[in-house]
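Each residue takes its place number in the sequence, starting with 1. If you're wondering where the values come from, they're calculated on a predicted model, not measured in any experiment. Both backbone and side-chain heavy atoms feed into the values below; hydrogens, waters and symmetry mates do not.
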Amino acid sequence: MIWAALGFTLTSGGQARLPVATTLGRILAGVDGDALDDALGSYLIALLNSEDIGNGRPGLAVDGKSVRGARRSDGNRPHLGAAATHEGVVLAQRQVAAKSGETSCFTDLLGPLNLHGTVVTADALHTVREHADWLVEHKHADYIMVTKGNQKHLHAQLKRLPWREVPLGERTRDHSHGRDEIRRLKVCTVSGLLFPHAAQAIQIKRRRANIATGKTTITTVYAITSLAAEQTGPAELARDIRGHWQLEALHHVRDVTFAEDASRVRTGQAPRVMASLRNLAIALQHAMGWTNHADRCRIATGVHDQGGSPRALTTPFSYSVSPCENASALGVTGWGLWGWGLIRLVVGVL
């Protein structure tokens, strides 16, 4: 039984005796964050391999996120660099001192992963020559990297290309979150690009309209890839770039559905551990085909049943009271109902 394996004391009826909030706090604050993330990553990789989640060439997005609610007295916040599949499943995570530290943890983050045949997507912060060399020569992977001012000569070279003469490769349109967004992608093979192993240059024009206000913005983004034209086409590149944005969508779910930035947990490793548990909960929901994360969390924490009606918290514990009464009675008000509900969700699914 999972509860017994986790060290919970069980009643004669097999119910778990819930520890008090201070015990939970000490446990989470003292966990080795790297060891936990490595264990969760190994588990999810095995799950992905068994379920064959994803289609075509595997993609891995690298990006970071600050846990803003965990700001300490010195003003610092935990910043977590992560590598996630283009379906939004986090396979590796490392804590760094600040956003600028993401660059230094790139190889440590991806080193344990088998990246053979994978395309790694990254924003401009990680568009570093050493990273490109390492991915292609040592990890036998490919990359798609955005370019900005940190690679100013490369960025200028891309802007000077005769894009008007390049035919449109792919056009996509999304209508969500109160926005209407059209993306146009062009790609061309260029010899002599000022970046290791770069084979093709990419231009993406994004036209975004706010449906409520009517305000329209047009943004042009440039990127490079080690994938040659015979390896990939505009449609596949557009898919990989959209897949990279799934990591931003994951951050949105953690902030909005799991209220990560509203959490005031800040002791020791607890903020990072809670972020890891949120990642795990989202990954398991994804693996089971659950797309509405908010609805599944309400079900898991006892706020609604499968039909959406309120119900009491009765499992896996022997309490049968309302969610708010349950949180108060168990003394977890400081952690919040979502904190304990998250742990219930993860263990319940496992």
Side-chain angles (χ1 to χ4, degrees), residues 53-56 59 61-69 82 84-90 99 121-125 144-149 155 158-159 163-164 166-187 202-223 233-263 275 278-279 281-283 285-286 288-299 303-304 307-309 338:
I53 298 175
N55 298 304
V62 178
D63 200 1
K65 181 184 184 300
S66 292
V67 186
R68 290 193 287 267
T85 70
H86 284 179
E87 291 75 35
V89 177
V90 174
K99 184 174 178 62
T121 57
D123 60 17
L125 182 65
I144 300 173
M145 294 181 175
V146 172
T147 67
K148 289 184 180 178
H155 189 64
L158 295 177
K159 289 181 68 174
W163 290 108
R164 291 181 180 274
V166 179
L168 179 66
E170 183 75 0
R171 181 185 184 277
T172 59
R173 186 169 190 169
D174 288 332
H175 195 90
S176 61
H177 303 293
R179 297 180 306 213
D180 182 35
E181 184 169 310
I182 298 174
R183 305 184 193 94
R184 294 179 174 87
L185 181 143
K186 294 182 176 182
V187 57
I202 303 167
Q203 183 198 65
I204 307 161
K205 280 188 177 290
R206 294 188 295 191
R207 181 185 181 277
R208 181 178 294 174
N210 186 303
I211 297 173
T213 65
K215 181 180 179 180
T216 300
T217 59
I218 298 176
T219 306
T220 302
V221 178
Y222 296 97
E236 290 79 14
L237 289 171
R239 181 201 64 200
D240 288 333
I241 292 168
R242 287 196 306 271
H244 180 80
W245 293 332
Q246 283 299 313
L247 192 47
E248 295 182 12
L250 170 70
H251 294 165
H252 179 78
V253 171
R254 277 168 47 182
D255 283 340
V256 176
T257 303
F258 289 89
E260 179 167 281
D261 282 350
S263 172
R278 293 181 188 105
N279 289 336
I282 294 167
Q285 289 180 344
H286 173 85
M288 291 187 171
W290 299 345
T291 57
N292 189 326
H293 296 289
D295 183 58
R296 303 315 301 191
C297 286
R298 285 191 291 268
I299 293 171
V303 178
H304 295 292
S309 59
W338 287 110

Please report the closest heavy-atom contact between [X] and [Y], naming both atoms and the distance.
X: R183; Y: W245; result: NE-CZ3, 2.8 Å
X: R254; Y: N279; result: NH1-OD1, 3.0 Å
X: A283; Y: V89; result: CB-CG1, 3.7 Å
X: K186; Y: P167; result: CG-O, 3.7 Å

### Task
List for me each residue that meets side chain to side chain contact (heavy atoms under 4.5 Å, CB included) alongside R173, sequence neighbours excluded, and say none if there are none.
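R171, D180, I182.
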
### Message
Going by side chain to side chain contact (heavy atoms under 4.5 Å, CB included), name the residues that satisfy it together with Q246, two or more places apart in sequence or in a different chain.
### Response
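If we apply the side chain to side chain contact (heavy atoms under 4.5 Å, CB included) test to Q246, skipping adjacent residues, the hits are A249.
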
### Message
Taking side-chain contact (heavy atoms from CB on, under 4.5 Å) as the criterion, tell me which of D63, I144, L247 meets it with T121.
### Response
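That would be I144; it is the only one of D63, I144, L247 passing the side-chain contact (heavy atoms from CB on, under 4.5 Å) with T121.
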
#### Entry: Sequence-distant partners of K205, side-chain hydrogen bond (donor to acceptor under 3.5 Å, both in side chains), two or more places apart
T220

### Query
Partners of T147 by side-chain hydrogen bond (donor to acceptor under 3.5 Å, both in side chains), sequence neighbours excluded?
H155

Name the atoms and distances for all side-chain donor-acceptor pairs under 3.5 Å in residues 208-217, with sequence neighbours left out.
residue, atom, partner, partner atom, Å
R208, NE, E181, OE1, 2.6
R208, NH2, E181, OE1, 2.8
N210, OD1, A212, N, 2.9
N210, OD1, T213, N, 3.0
N210, OD1, T213, OG1, 3.4
T213, OG1, K215, N, 3.3

Side-chain heavy-atom pair [X], [Y] within 4.5 angstrom cut-off:
X: R179; Y: D174; value: no
X: L158; Y: Q203; value: no
X: E170; Y: L237; value: no

### Task
Look up atom CD in E248 and atom CG in L250, then write down how far apart they are to the nearest 0.5 Å.
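The CG atom of L250 is 10.5 Å from CD of E248, to the nearest 0.5 Å.
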
#### Entry: salt bridge (Lys or Arg N to Asp or Glu O under 4.0 Å) involving K65 - partner list, sequence neighbours excluded
D255, E260, D261

